[in-house]
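Convention: sequence-line order gives letters A, B, ...; per-chain numbering from 1. All values derive from a computational prediction rather than experimental measurement.
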Amino acid sequence: MSMIEMQRLLSRVLTDADFRQVFVNDPQEACGAYVLTSKEVDSLKAIDRVRMESYALMLRDGRVGLGLKAFPVTSRLLPPDFHNFSMRYVSEYPPVPGPGAPMVLEAMTLYRFIARLVAEGSLDVPYLREVLEYEKNLFLIGNDLEVAALANACAAANACLPEDLTEDEVRRLKPCSGGHVLVSRFGLNVIELLSHLSNGRKPEACPEEETYILFLKIPHHAGVSISRLNKVTANLLGLCSGERTTAELLAELASDAGIASDAGKAELAVRCVGMLKQLVKSNIITFRQ
Amino acid sequence: MKNGLPHLGVGLGHRPPLHQEIIRNREHIDFLEIITDQHLYAVPEKSERLFESLKDFPLVPHGVGMSVGTDMPLDEDYLDRTARLLGRTESAWFSDHLSFTKVPDTDIGQLTPLWFTEEALEVVCRNVGQLKSKIDTPFLLENITYYFPLPNGEMTEAEFITRSLDKTDCGLLLDVNNLHINSVNLGYDPYDFLRSIPLERVVEVHIGGGQQMLGMLVDTHGASVHPEVWEILKFVVANSPIKGIVLERDQDFPDFREIVETLKTAREILASHS
């Protein structure tokens, strides 16, 4: 019984352009790698090649179309000849089965591909890198099951924390962010940019402006919270790995800022502890023992 | 198998871009078909929000990822998640396709034809048996569009469908647009096909539109229902007491009034033989 072998070969012919060419040029050679009956080989050899090629093209375009659904503004920025990259996409990222929602899997794969095209200079479109990154973060945080579970877990952990922690208590705890939070740094005001692009307007020039955007999966809710952070908060959040106590973080921050006086350190502590408690209240971080 | 199934009427495939119009036009839509795979791995709160907003509609899940035709056991996790979804939606039936979409090393991502052989029939029966051992909700198999047959099979598609339904005791989700497209692309009489399959097993019918591209008629779900598809529907309805008709529209969405008119036409056809 070799039906699975026949299905494996057919699947590869349909999704792998190089292998399909081998199959078209020399089907016997292509079939040689699989354990097939002579009837199965004869059937495969007799497939309508033109229709098979058309179907393969539909599959390829279908993958790209599915992935782009996650990035609507990015899609509008892509050049009209972006489809020329489709063959490279399916070749470099063959469709391997995996657990998870098909659209999420394809979107993340397509993101990696487009990001690589931008990085290597093959796609040189103004604002594409920023818009893609923004939309990827928004989509991932809003649609990944694991992210949703982490958000709920953070909220559950915070519900167990005492209501009003003192500064001393916070100093002993380890602030911990999680996979339900993404902070990205952009070189321009990406929120304003997206507002223009979403309304069909392309800004002439977007001035450089360091912008930190927080993407937060709201616990037990379908939505994603997006907010602009200042650099200080973004840096503090970046230190919340769950491995160091607040006291240790404060020592590092004071050292980095050149704060040596007790009064200075005390003021820093008040500010930072206040910020950390606010981050806990927003379920952006939790405190670990 | 059809005994005891409710008559749902005329419904629409739920698609996110149509959501608000669906809510606004509640009185024109009897039930909704949701895509199973969009909910199996979805953030629970997202699905729940959707189901809550659609609580006035009976929901019928329609999947694309079961791959009953793949010669390997069904994915148990996929089955478990499908069972949970059905528990939530309390659907009268659910469906997927008589095709394969994946093998261990490749996810084709689209419905791909089976080779109509005894071995393939055995595989389908085994896999549907596995499905039924986990899920009590009645299951329908749908005929697919395919642009190239696998030559030199051991039986016709009609015989394969007939024997699959008979051996698994499943209902048929007859996609009359798929039938029309196949009859055009592969050159056969759709009515000969209809006379060769057990129409008494048809529970639900899909209608939709295709478009010419790549030298053939393609099942895009992006166009109006072709006149010939309406005629095929009339034949089916005249010969089988079906429980539901669903319009599938996935892209190039028209003004929603056109969709409402299409549902009205389908309802008139259904009523003419009820």
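With a 4.5 Å cut-off on non-hydrogen atoms, A:Ala222 touches chain B through its backbone and its side chain both. Interface remark: A:Thr15 contributes side-chain atoms only to the contact with chain B (heavy atom separation under 4.5 Å). Both the backbone and the side chain of A:Ile47 come within less than 4.5 Å of a heavy atom of chain B. For A:Pro102, the part lying near chain B is the side chain, with the backbone staying farther off; criterion is any non-hydrogen pair under 4.5 Å. Contact annotation for A:Lys45: neither backbone nor side-chain heavy atoms come within less than 4.5 Å of a heavy atom of chain B. Of the two parts of A:Leu10, only the side chain, counted from C-beta on, holds a non-hydrogen atom closer than 4.5 Å to a non-hydrogen atom of chain B.
Separation of atoms CG (B:Leu150) and CG (A:Asp48) is listed at 11.5 Å; rounding is to 0.5 Å. Here CD1 of B:Ile108 is found 3.5 Å from OG of A:Ser11. Values are rounded to the nearest 0.5 Å. If you take OG1 on B:Thr145 and OH on A:Tyr55, they are separated by 9.5 Å, rounding to the nearest 0.5 Å. Interatomic distance, B:Asp107 CG to A:Glu106 CD, rounded to the nearest 0.5 Å: 8.5 Å. Between B:Leu186 atom CG and A:Arg51 atom CZ the span is 6.5 Å, to the nearest 0.5 Å. Taking CG of A:Asn152 as the start and CD of B:Glu45 as the end, the distance is 5.0 Å to the nearest 0.5 Å.
B:Pro151 and A:Ser43 make their closest contact through O-OG, 2.7 Å (heavy atoms, listed as atom of the first residue, atom of the second, distance). Residue A:Leu59 comes nearest to B:Gln110 through the heavy atom pair CD2-CG, 3.0 Å, listed as atom of the first residue, atom of the second, then distance. For B:Val43 against A:Asp144, the heavy-atom pair with the smallest separation is CG2-O, 3.9 Å.
Of the options A:Glu5, A:Met6, A:Gln7, a side-chain contact (heavy atoms from CB on, under 4.5 Å) to B:Asp71 is made by A:Gln7 and by none of the others.
Residues A:Leu14 and B:Thr112 have side chains in contact (heavy-atom distance under 4.5 Å, counting atoms from C-beta outward). The closest side-chain heavy-atom distance from B:Met216 to A:Met58 is below 4.5 Å. Here the side chains of B:Asp105 and A:Arg12 are not in contact, with every heavy-atom distance at 4.5 Å or above.
Contact count versus chain B (heavy atoms, under 4.5 Å) is highest, among A:Ser54, A:Ala101, A:Gly62, A:Pro97, for A:Pro97. The greatest number of non-hydrogen atom pairs below 4.5 Å with chain A, out of B:Pro104, B:Gly109, B:Ser47, B:Gly215, is found for B:Pro104.
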